[in-house]
Amino acid sequence: MHGGPVALRLDDVGAASKRHEIYGRTRVRLGPVSLPFPGNFLFLKYCPGIRRWGPYRELSAAEWHAMLAILAGADARMTVAVTAAWVERDGRLVPFPAKFPEAAAAVREGVRAGRLEVANHGYTHCLLEDGRFRPRLFSGNRQFHREFFDWLPEETHREHLRRAQGVLEEFFEVPVETLVPPGNIFSPKTLAAAAALGIRYVSCRDAGRFGARDGLALVDDADVLALHDRDVVLGGLARFAALVAGRPRGSLVTVRELAAPRAEPRR
Ligand SMILES: [Zn+2]
């Protein structure tokens with residue numbers, strides 16, 4: 001990373017993967033040796049120290065207000081990558097603003113204050129078919145907590161992005177122009193669908209893996225300070241404040257701000 005502006009990005013807001021993506025440590029370190037460990041066996045994958053991802057809770061409105069104050073104090077802005085629908089255990093989908101109304105309202109205040117950019121972080125963050133998103137008894141399920149696999153039909157890429165754009169743009173009342181593909185998984189099908197829906201920026205690890213396409217500006221994670229809501233929920237607000245304070249004043253911007261000068265002018 002360099003001395004210029006850096007995009008600050010917080011992923012997984014509203015994503016039910018924090019509830020259903022459960023996998024455990026499969027190695028443990030004993031002194032210099034790393035041993036196999038059955039971390040995905042039954043309840044073990046839920047235990048602190050073994051648990052690698054979920055479950056953890058959604059950020060509260062109070063935490064959002066605190067983060068907004070921290071950002072304002074540092075003249076910083078942030079992109080929030082929101083997954084538009086929560087997936088209930090039975091597979092029902094609940095839009096983010098209906099599932100977490102107070103948190104969603106706090107994020108909207110941040111958008112209106114010019115402090116937050118809302119990005120599309122998928123519709124579900126996971127595969128719904130056959131309940132593959134649910135925790136399993138004897139194995140982890142991490143591989144199913146991704147949304148835009150190349151083997152899915154074009155139609156799925158398009159529909160998921162379209163529905164997510166619909167939920168987010170209706171509630172936040174601003175155009176959503178940035179896509180953050182869940183788990184860094186996307187394909188040329190995703191990019192074509194995104195561009196057709198008015199998305200202009202794609203932000204993730206190795207964003208340029210398919211080259212420049214469809215007039216989209218690609219923002220690689222090398223230029224982004226990428227966090228997950230999990231880091232704030234489990235790490236605490238003080239850690240978030242320290243991270244923001246560790247950057248020069250005014251140097252943290254949104255993905256859109258970082259990318260806009262590089263983007264092709266819109267026709
Ligand atoms: Zn994610």
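Note that the structure is predicted; figures quoted are calculated from it, not measured.
- Within a 6.0 Å radius of CZ in Arg239, other residues, nucleotides and ligands contribute 12 heavy atoms or fewer.
- Residues Arg77 and Leu116 have side chains not in contact (no heavy-atom distance under 4.5 Å, counting atoms from C-beta outward).
- Under the 6.0 Å cut-off for aromatic ring centres, Phe186 and Phe210 qualify, their centroids lying closer than that.
- Interatomic distance, CG of Leu191 versus CG of Leu179, reported as 7.5 Å (0.5 Å rounding).
- A distance of 12.0 Å separates CZ in Arg158 from OG1 in Thr190, rounded to the nearest 0.5 Å.
- Ion pairing of Asp12 with Lys18 is absent here, as no side-chain N (NZ or NE/NH1/NH2) approaches a carboxylate O to less than 4.0 Å.
- Under the 4.5 Å side-chain criterion, counting only non-hydrogen atoms from C-beta, Val219 is not in contact with Val202.
- Under the 30°/60° scheme for interplanar angles, the aromatic rings of Phe100 and Phe96 are found to be tilted.
- Under 4.0 Å is where a charged nitrogen must lie from a carboxylate oxygen, and between Glu63 and Arg57 at least one such pair does.
- Taking the charged nitrogens against the carboxylate oxygens, Arg230 and Asp11 have no contact shorter than 4.0 Å, which rules out a salt bridge.
- The shortest distance between side-chain heavy atoms of Lys189 and Asp150 falls below 4.5 Å.
- Between the side chains of Glu117 and Thr178, at least one donor N or O sits under 3.5 Å from an acceptor N or O.
- Salt-bridge annotation for Glu159 and Arg162: present, with a side-chain N of the basic residue lying under 4.0 Å from a carboxylate O of the acidic one.
- Ion pairing between a basic and an acidic side chain is recognised when a charged N comes within 4.0 Å of a carboxylate O; Glu109 and Arg115 show no such pairing.
- The backbone N or O of Arg205 sits less than 3.5 Å from a side-chain atom of Arg209, completing a donor-acceptor pair.
- Distance alone, capped at 3.5 Å, is enough to place a donor-acceptor pair between the Glu169 side chain and the Val176 backbone.
- Here the side chains of Phe148 and Leu161 are in contact, with some heavy-atom distance below 4.5 Å.
- Asn184 places no side-chain N or O within donor-acceptor distance of the main-chain N or O of Cys204, the cut-off being under 3.5 Å.
- No donor-acceptor distance shorter than 3.5 angstrom exists from the side chain of Asp214 to the backbone of Leu216, with no hydrogens or angles considered.
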Practice item. Decide side chain to side chain donor-acceptor pair (under 3.5 Å) for Arg256 and Thr79; before the verdict, give the C-alpha distance in whole Å, the side-chain angles of both, and the deciding distance to 0.1 Å. Key: CA-CA 8 Å; Arg256 181 173 52 201; Thr79 293; over 6 Å; no

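- Taking a cutoff of 4.0 Å between a charged side-chain nitrogen and a carboxylate oxygen, Glu88 and Lys99 qualify as a salt bridge.
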Practice item. Decide yes or no on side chain to side chain contact (heavy atoms under 4.5 Å, CB included) for Asp223 and Val6, but give the supporting numbers first. Key: CA-CA 6 Å; Asp223 297 323; Val6 167; over 6 Å; no

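- Atom CG of Leu252 is separated from atom CG of Asp75 by 9.5 Å, given to the nearest 0.5 angstrom.
- Although no hydrogens or angles enter the test, the distance criterion places a donor-acceptor pair under 3.5 Å between the side chain of His121 and the main chain of Val180.
- Arg213 is linked by a salt bridge (charged side-chain N to carboxylate O under 4.0 Å, His left out) to nothing, counting only residues two or more places apart in sequence or in another chain.
- A pairwise comparison of heavy atoms in Ala106 and His65 identifies CB-NE2, 3.8 Å as the closest pair.
- With contacts defined as side-chain heavy-atom distances shorter than 4.5 Å, the pair Val232/Met67 qualifies.
- Between the side chain of Glu147 and the main chain of His125, a donor-acceptor pair closer than 3.5 Å is present.
- Every residue was checked against the ring pair (Phe, Tyr, Trp, His ring centres under 6.0 Å) condition with Phe171, not counting sequence neighbours, and none meets it.
- Checked by atom type and distance alone, the side chain of Thr124 pairs as donor or acceptor with a backbone atom of Cys126 at under 3.5 Å.
- Under the 4.5 Å side-chain criterion, counting only non-hydrogen atoms from C-beta, Tyr123 is not in contact with Thr83.
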